[in-house]
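Written below as structure tokens is the structure these notes are about.
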Amino acid sequence: MPLNGADWYKEQPTNRNFLNPIGFILKLEKFAGVDFFCQSANVPDITMPTTQVASPFRQLPTIPGGGVEFGDLSVTFIVDEDLKNYNSVYKWMRDNGNADQMKLETTPEDIFTDGQLLITTSAFNPAFVIDFQQLFPVALTNLQFDATIGDVEYITAQVTFKHQQFFIRDKNFKKL
């Protein structure tokens, strides 16, 4: 609907603050007692296939093709001195991947976990939550030691999670 000359201001953004890239907290339900010292995390991408129809000049996208695909959740964290956070993911992956050939220790209800990425405002107040369902790790990076560095740079690791889906919720956990 076109706006008349007097209503143009009604379409202007009311919140002129930008999303803060350092305002987030990660919580994984399976690891309630493990602080991941999270350094970075992402809101995964979402893609939807389309059906295409051939034309003499190019393929024309016509309609959504059905279904969506969610990207991976990648988390970079500082490894604690006792390796508690690193080892918890390491053991979870070894067991779920059957590294010890049929000596599974993980119960079926512990194969997956849910998780939340709390996003804050520029004033560090809760703004919204990315709610992940049925997360499980698929990759964990190596730990790189290096005696030649000048300043202490704490060791970080990155874990990649697959998940069933995620929802964007408000700070009261209602779907947006």
Side-chain angles (χ1 to χ4, degrees), residues 1-31 36 38-77 88-90 92-99 104 106-122 125-142 156-176:
M1 163 166 56
L3 298 173
N4 66 35
D7 291 336
W8 64 269
Y9 67 92
K10 292 180 181 177
E11 294 296 317
Q12 298 297 312
T14 57
N15 183 351
R16 296 192 181 263
N17 293 319
F18 301 111
L19 194 58
N20 183 353
I22 62 170
F24 66 95
I25 300 167
L26 178 69
K27 179 183 179 286
L28 299 177
E29 292 178 9
K30 181 178 173 74
F31 302 104
F36 269 81
C38 189
Q39 298 295 293
S40 68
N42 68 307
V43 176
D45 59 329
I46 180 172
T47 58
M48 181 177 60
T50 59
T51 301
Q52 296 188 350
V53 176
S55 79
F57 304 104
R58 64 184 179 100
Q59 297 285 334
L60 298 172
T62 56
I63 58 171
V68 293
E69 296 178 16
F70 297 102
D72 298 338
L73 169 63
S74 296
V75 175
T76 302
F77 61 96
S88 63
V89 175
Y90 172 82
W92 188 14
M93 288 183 68
R94 283 188 61 89
D95 200 36
N96 285 346
N98 202 12
L104 296 177
T106 303
T107 60
E109 59 270 8
D110 286 335
I111 291 173
F112 303 103
T113 190
D114 291 339
Q116 294 80 37
L117 184 63
L118 173 67
I119 310 296
T120 65
T121 65
S122 56
N125 296 316
F128 56 94
V129 176
I130 310 300
D131 182 28
F132 294 95
Q133 296 184 349
Q134 295 197 332
L135 287 160
F136 61 98
V138 295
L140 181 63
T141 59
N142 64 347
T156 61
Q158 184 175 30
V159 59
T160 302
F161 293 96
K162 295 283 186 188
H163 54 93
Q164 181 186 36
Q165 59 186 331
F166 69 90
F167 298 97
I168 301 175
R169 301 181 185 273
D170 69 11
K171 64 183 176 183
N172 297 316
F173 222 66
K174 293 180 183 168
K175 287 185 187 176
L176 293 179

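Because the structure is predicted, anything quoted here is derived from the model rather than measured.
- The two residues F24 and I119 have their closest heavy-atom pair at CB-CD1, 4.2 Å.
- With rounding to the nearest 0.5 Å, the separation of NE2 in H163 from CZ in F136 is 9.5 Å.
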Show which side-chain atoms of residues 168-176 pair as donor or acceptor with protein atoms under 3.5 Å away, not counting sequence neighbours.
from, atom 1, to, atom 2, distance (Å)
R169, NE, D131, OD2, 2.9
R169, NH2, D131, OD2, 3.2
D170, OD1, N172, N, 2.9
D170, OD1, F173, N, 3.0
D170, OD1, K174, N, 2.9

Please tabulate, for side-chain N and O atoms in residues 41-48, each donor-acceptor pair with protein atoms closer than 3.5 Å (sequence neighbours left out).
from, atom 1, to, atom 2, distance (Å)
N42, OD1, S74, N, 2.6
N42, ND2, D72, O, 3.1
D45, OD1, G71, N, 3.4

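- The shortest non-hydrogen separation linking Q134 to D114 is N-OD1, 2.9 Å.
- No more than 12 heavy atoms of other residues, nucleotides or ligands shown are found within 6.0 angstrom of OH on Y90.
- For the atom pair S40 OG and I22 CD1, the distance stands at 13.0 Å (nearest 0.5 Å).
- For the atom pair NZ (K27) and OG1 (T113), the distance works out to 8.0 Å, reported to the nearest 0.5 Å.
- Summarising the geometry, atom CD1 belonging to I25 is positioned 5.0 Å from atom CG belonging to L118; distances are rounded to the nearest 0.5 Å.
- Separating the CD atom in Q39 from the OG1 atom in T76 is a distance of 8.0 Å, to the nearest 0.5 Å.
- Just one residue in the list L28, V75, V89 forms a side-chain contact (heavy atoms from CB on, under 4.5 Å) with P137, and that residue is V89.
- Using a 4.5 Å heavy-atom cutoff, the side chains of T120 and N125 are not in contact.
- Shown here are the ring-ring contact (aromatic ring centres under 6.0 Å, His included) partners of F77, two or more places apart in sequence or in another chain: F36.
- Around the NZ atom of K162, the shell of radius 6.0 Å holds no more than 12 heavy atoms that belong to other residues, nucleotides or ligands.
- From N96, atom CG reaches atom CZ of R94 across 12.0 Å, with rounding to the nearest 0.5 Å.
- Shown here for G67 and P49, the closest heavy-atom pair between the two residues is O-CD, 3.4 Å.
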